[in-house]
Amino acid sequence: MMGDDFPMVMEKIKGANDIKTLDQEQLLLLAEEIRKFLIQKISVNGGHLASNLGTVELTMALHLVFQLPQDKIIWDVGHQSYTHKILTGRQKGFERLRKYGGMSGFPKRNESSCDCFDTGHSSTSISAGLGYAEAREITGEQYKVISVIGDGAMTGGMAYEALNNASRMKTNFIIVLNDNNMSISENVGGVSRHLGNLRTADAYQGLKEGVTNSLNKIPVFGERIVTRIRRTKSGIKQLVIPGMLFENMGITYLGPVDGHDIGALKRILREAAKVNGAVLVHVLTKKGKGYLPAERHPARFHGAEPFEIETGLPLKRKREANYTDIFSTVMRKLGERDEKVVAITAAMKDGTGLKRFHNMFPERFFDVGIAEGHAVTFAAGLAAAGLKPVVAVYSSFLQRAYDQILHDVCIQDLPVVFAIDRAGLVGSDGETHQGIFDLSYLSSIPNMSILAPKNKWELSDMLKFAINFNHPIAIRYPRGKAYDGLKEYRQKIVFGKSEVIYREQEIALLAVGSMVETGRQVHELLKSMGYFCSLVNVRFVKPLDRELLDNLAQDHDLLVTMEENVVTGGFGEHVVQYFNEKNAGNELKIQNIALEDVYVEHGNVEILKKEHGIDAESVVKRIVANYVRK
């Protein structure tokens, strides 16, 4: 599987704690084998590479020091848990990593007893770990709790809310800060600078040792003084780094330590396990370690598509334009035309397509780190001051800022544009990343307008419309190739108005955004079966185009709403509610094509659409089964 020259220490790992049987030489070989294994598997299936290559030794040390599944290791975000999965006997799962029905790319409680908490979003592990630690005290059980969190996730406010509470702990709770100076985009802000200062380990350790050595030379009393200082709440670090962030919060700080030195990691983790209270272990790692392309371009290998191992280049050389590319181009043009246009992202400059805007207008670009709630209220402040802010964010991450959208943007009716990428089914990252709730949670908020483009040209038109719309407005668009069909249908964007593509009678398809392409296929299939069928590009999910709905109701027997969103609270439900209130007892039938109220697992998007009944063939079957001609 890995070549005749590849040593197979990994074969000795059949389950949790098997790593404890290896000697020092075997441990070094195991680290090398794991990296080769990950590079090979991810080059074929895709996945999170750079983050996992950077945490190999750290994960090994955690498994060597602690006992799984009794002890609880909680991974923040969780995309760096691949080595953890290997060390708990899940090597075979990498054959179908992130594929439908296969192994998740994140920790899953239903996958292994060694995965004690499902993760996928950032800045959560300290809160979850604190919950475990407090539960341990209530139940009287005996186990260690270790929350692993990256320095990028430390820009999220939730981490500090948890730290504030963790400082009151009287029993052991270990927080491992994996500091690689790199989240998805480059870390920003004061936290990053603070950790940068702490990274000067040589200077810090040297100064600490110098103070210690000098005191030890004092006859009789020197050693006692050092011992007394070590026992004080602040520790000897306060002599050399006054005002240390974590110590001042009441959390013992250990480190920094080389995150690729297994021996050093084991020693410091054992030391941390002795602390009565919350203790933070600061570990320095290199993202992408052991694979030069990933070391040089960690952002590119954050979530990697299949690639050539020799060069690191994607296997699919020719990439067609996706919706993010269209957004990127239009934002650059809008920035050129209007100096009031500003852009905000939460550590996703590359992922959301704002890199070009940043390069051209750095003074009007703001990366706030992994802090979506702050990003939205910050945008509200910019808007209140007369600017035109565009918040570019993934759908599943925007839901982390629901309160700020409602309270700080929409109550004040401020002109903030939400560019919502990865809306709908996104595929391989699974439940925590599917963007299938935004229509529901956004449409519940007064003053919010919601648009969805049918193709790449309409996304451009909608952005230009939104930037001059003097109220909150959201545009949601999917991941992947931008649909380039229906170019001939490019009516001017008019507030609250849908676009009729085919006008017939009998059955009317009302398709939202990405479902217009599916709707066109459904239209063709129904026509071939002898049905008359209209196709409407909804455009505005909110407000509803009531005039068109009334018009369609006059000469259609069935209205079929189509959306890549959960059914509850979605566009279809709003249409049903409208006709229930307006036309009680009317014979018009409405059928909602949407996702059931479930969390959709990982897998290829086309497979997921078919499994959940929203692909063209499934939609036609559902319509024909439901529709009875008069």
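In what follows, residues are counted from 1 in the order of the sequence shown.
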Can you list everything that forms a side chain to side chain contact (heavy atoms under 4.5 Å, CB included) with [X]? Sequence neighbours excluded, please.
X	result
Q404	V376, T377, A401, D408
R520	Y483, L486, E488, Y502, E524, L535
V77	H79, F106, S122
H84	T59, H63, L68, W75, S81, T88, R90, C114, D115

*For R364, enumerate each residue passing the salt bridge (charged side-chain N to carboxylate O under 4.0 Å, His left out) test, keeping only those at least two apart in sequence or located in another chain.*
none
With a 4.5 Å limit on heavy-atom distance, are the side chains of [X] and [Y] in contact?
X	Y	result
F301	L53	no
L334	F357	no
F540	D545	no

_Angle between ring planes, F465 versus F495, binned at 30° and 60°: parallel, tilted or perpendicular?_
parallel
*Can you name the nearest heavy-atom pair linking T324 to R422, along with the distance?*
OG1-NH1, 3.2 Å
_Restricting to non-hydrogen atoms, name the atom on K456 and the atom on A482 that form the minimum distance, rounded to 0.1 Å._
CB-CB, 3.7 Å
*What pairs with K487 under side chain to side chain donor-acceptor pair (under 3.5 Å), at least two apart in sequence or on another chain?*
none
_For the NZ atom on K497, are there more than 12 heavy atoms of other groups (residues, nucleotides or ligands in this structure) within a distance under 6.0 Å?_
yes
*Taking everything shown except E339 itself, do over 12 heavy atoms lie less than 6.0 Å from its CD?*
no
